[in-house]
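Some notes on the structure that comes next.
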Amino acid sequence: LSLTLLIDLFRLETDSNRAIDLAGDMGDLAEDLLLSGEYADALEVIRVVADAARDPQAIARHACRQALDALADSPAVHEAIVLLDEMAYDEYYLFRSVCVLIGPSSVDALQTTLHIETLTRAGVRASDIIVAIGASAVGRLAPLVGHPAWFAQRNAARLLGRIGSSEAV
């Protein structure tokens, strides 16, 4: 089946049990697409799931949020974060969009690049993604703020300053 057909099937589903199953399947599909480097297709799938997760009328709203949270902790996202140093700008921008759509749950994986004294390109890019997620990322930065290494705490302080919301104070 084509990607467009799968997305349309998900959008048109009216049975709540099937919609819940499809939400998980869409998350799995997005993970497979990320693992294969198909960031544009993964973004398309994730956008549909994220839209449903935000829609109070969606019949599988909570299942969609769970699928996004599971994706944030998946090997696919962790592997992509490892590759942030090497990604071409267009791949990086697509992956950045993926993380922003996933939301705050992606911060847990992204902040693993910030536990070092001198930020690499991956750390700079991860920081930019976290800032793009915005105020909703602040609560996920607590482990970095409380990290025993001073440079991790410094990196957290810089992020909170860049986010600049009242939640960051």
Side-chain angles (χ1 to χ4, degrees), residues 2-4 6-7 10-11 23-54 64-145 147 149 151-165 167-168:
S2 75
L3 187 61
T4 304
L6 290 172
I7 289 171
F10 176 72
R11 284 183 174 146
D25 293 343
M26 295 290 278
D28 293 343
L29 174 60
E31 182 177 2
D32 290 344
L33 291 167
L34 286 173
L35 280 170
S36 65
E38 298 294 331
Y39 298 114
D41 289 340
L43 179 60
E44 191 175 342
V45 172
I46 293 165
R47 183 173 286 119
V48 172
V49 176
D51 287 348
R54 287 189 303 269
C64 289
R65 182 70 256 162
Q66 289 174 341
L68 293 171
D69 290 345
L71 183 60
D73 194 37
S74 71
V77 168
H78 285 275
E79 184 176 314
I81 290 168
V82 168
L83 298 173
L84 275 174
D85 266 335
E86 303 166 14
M87 281 183 191
Y89 182 78
D90 59 331
E91 290 175 319
Y92 159 69
Y93 187 78
L94 289 168
F95 182 68
R96 177 186 182 277
S97 298
V98 162
C99 291
V100 169
L101 282 174
I102 290 172
S105 57
S106 64
V107 172
D108 299 340
L110 289 164
Q111 68 179 298
T112 61
T113 64
L114 306 174
H115 295 173
I116 59 174
E117 190 168 350
T118 303
L119 289 183
T120 63
R121 184 177 185 192
V124 170
R125 285 178 162 186
S127 296
D128 291 343
I129 295 169
I130 292 169
V131 170
I133 292 169
S136 62
V138 170
R140 299 289 186 136
L141 293 172
L144 196 59
V145 170
H147 197 278
F151 43 83
Q153 294 174 11
R154 177 206 56 208
N155 294 338
R158 287 180 178 166
L159 276 172
L160 293 170
R162 286 179 62 199
I163 291 171
S165 70
E167 293 87 353

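The first residue in the sequence is number 1, and the count goes up from there. Hydrogens, waters and symmetry mates are skipped; everything else that's a heavy atom, side chains included, is used.
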Got a list of side-chain donor-acceptor pairs under 3.5 Å for residues 87-96, not counting sequence neighbours?
residue: Glu91; atom: OE1; partner: Ala88; partner atom: N; Å: 3.2

Quick one, Leu83 with Glu86, criterion side chain to side chain contact (heavy atoms under 4.5 Å, CB included). Give me CA distance, side-chain angles, the key distance, then yes/no. CA-CA 5 Å; Leu83 298 173; Glu86 303 166 14; 3.7 Å; yes
Considering all heavy atoms of both residues, which atom of [X] and which atom of [Y] are nearest to each other, and what is their separation?
X	Y	result
Ser105	Ile102	OG-CG2, 3.4 Å
Ala67	Ala23	CB-O, 3.5 Å
Ala137	Val107	CB-CG2, 3.6 Å
Ala72	Val77	O-CG1, 3.6 Å
Thr113	Gly123	OG1-CA, 3.6 Å

First locate atom [atom1] of [X], then atom [atom2] of [Y], and finally report the distance between them rounded to the nearest 0.5 Å.
X	Y	atom1	atom2	value
Ser106	Leu71	OG	CG	9.5 Å
Leu84	Leu110	CG	CG	7.0 Å
Glu31	Ile46	CD	CD1	10.0 Å
Asp128	Cys99	CG	SG	12.0 Å
Leu43	Leu34	CG	CG	9.5 Å

Where do Val145 and Leu160 land on the side chain to side chain contact (heavy atoms under 4.5 Å, CB included) test, with the steps shown first? CA-CA 10 Å; Val145 170; Leu160 293 170; 4.0 Å; yes
With sequence neighbours excluded, what pairs up with [X] under the salt bridge (charged side-chain N to carboxylate O under 4.0 Å, His left out) test?
X	result
Asp51	Arg54
Arg125	none
Asp41	none

Trace of the side chain to side chain contact (heavy atoms under 4.5 Å, CB included) decision for Leu141 with Ile163: CA-CA 11 Å; Leu141 293 172; Ile163 291 171; 4.1 Å; yes
With a 4.5 Å limit on heavy-atom distance, are the side chains of [X] and [Y] in contact?
X	Y	result
Leu68	Arg65	yes
Leu3	Glu44	yes
Arg158	Ser127	no
Val98	Tyr39	no
Leu114	Ile130	yes
Cys64	Met26	no
Gln153	Leu144	no
Val45	Leu33	yes

Lys/Arg N to Asp/Glu carboxylate O, Arg121 vs Asp85, below 4.0 Å: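 No salt bridge links Arg121 with Asp85.
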Sorted by first residue and then second, give each ring-ring contact (aromatic ring centres under 6.0 Å, His included) pair with at least one member in residues 105-133; sequence neighbours left out.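 Of all non-adjacent pairs touching residues 105-133, those that pass ring-ring contact (aromatic ring centres under 6.0 Å, His included) are His115-His147.
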Verify, without hydrogens or angle tests, whether Asn155 (side chain) and Ile116 (backbone) share a donor-acceptor contact under 3.5 angstrom.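 Checked: pair present.
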Kindly say whether Ala42 contributes a backbone atom to a donor-acceptor pair with the side chain of Arg47 at under 3.5 angstrom?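 Not at all, since once roles are kept as given, no pair shorter than 3.5 Å links the two residues.
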Going by salt bridge (Lys or Arg N to Asp or Glu O under 4.0 Å), name the pairs with one or both residues in residues 73-84, residues two or more places apart or in two chains.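 Not a single pair qualifies under salt bridge (Lys or Arg N to Asp or Glu O under 4.0 Å).
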